[in-house]
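Structure record follows, encoded as structure tokens.
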Amino acid sequence: MDDDEFYRWYGPWASLTPPEVAVLMNGISVPWWIFGGWSIEAFTGRAREHEDVDVGFFLLDQHRSGLS
């Protein structure tokens with residue numbers, strides 16, 4: 001999917017930081033975590049560019065999360 005098609009389907013992209021994701025996920029009653037680029041940066045201590053934040057939770061918790 002090219003950028004034009006992405007924006008047509010989903011609208012403009014507003015990237016979040018991990019602290020902003022924590023605020024967004026506040027009140028979710030299931031375990032969740034950040035993975036991908038931000039976790040690699042935290043583990044290695046080497047700064048990287050980020051376009052998004054990868055958030056995960058267990059598939060079995062999807063129905064309880066309020067996110068499905």
- Message: So for atom CZ, which belongs to Phe6, do other residues, nucleotides or ligands contribute more than 12 heavy atoms lying within a distance under 6.0 Å?
- Response: yes

- Query: Could you go step by step and tell me if Phe43 and Trp38 meet the ring-ring contact (aromatic ring centres under 6.0 Å, His included) rule?
  - Reply: CA-CA 9 Å; Phe43 181 76; Trp38 282 102; over 10 Å; no

Any idea which heavy atoms bring [X] and [Y] closest together, and the distance?
X	Y	answer
Val55	Trp32	CG1-CE3, 4.0 Å
Trp33	Phe58	CH2-N, 3.6 Å
Glu51	Ser15	O-OG, 3.2 Å

- Task: Evaluate the side-chain contact (heavy atoms from CB on, under 4.5 Å) criterion for residues Asp54 and Ile34: first the C-alpha distance (whole Å), next the side-chain angles of each, then the deciding distance (0.1 Å), finally the verdict.
- Result: CA-CA 6 Å; Asp54 301 302; Ile34 293 174; 5.8 Å; no

- Message: Same cluster or not: Leu16 versus Val23, using hydrophobic residues (I, L, V, M, F, W, Y) connected whenever any side-chain heavy atoms lie under 4.5 Å apart?
- Response: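 As far as the 4.5 Å side-chain criterion goes, Val23 and Leu16 are not connected within one cluster.
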
- Message: Count I, L, V, M, F, W, Y as connected when their side-chain heavy atoms are under 4.5 Å apart, and connections chain through other members. Are Ile40 and Val53 then in the same cluster?
- Response: no

- Message: Can you tell me how far apart CE (Met25) and CD (Glu20) are? Round to the nearest 0.5 Å.
- Response: 14.0 Å

- Query: Any side-chain heavy atom of Glu5 within less than 4.5 Å of one from Tyr10?
  - Reply: no

- Message: Using side-chain contact (heavy atoms from CB on, under 4.5 Å), reason through His50 and Arg48 one step at a time and then give a plain yes or no.
- Response: CA-CA 6 Å; His50 303 280; Arg48 311 165 35 108; 4.0 Å; yes

- Query: Between Gln62 and Leu59, does a side-chain contact (heavy atoms from CB on, under 4.5 Å) hold up when you go through it step by step?
  - Reply: CA-CA 5 Å; Gln62 183 177 3; Leu59 180 60; 3.4 Å; yes

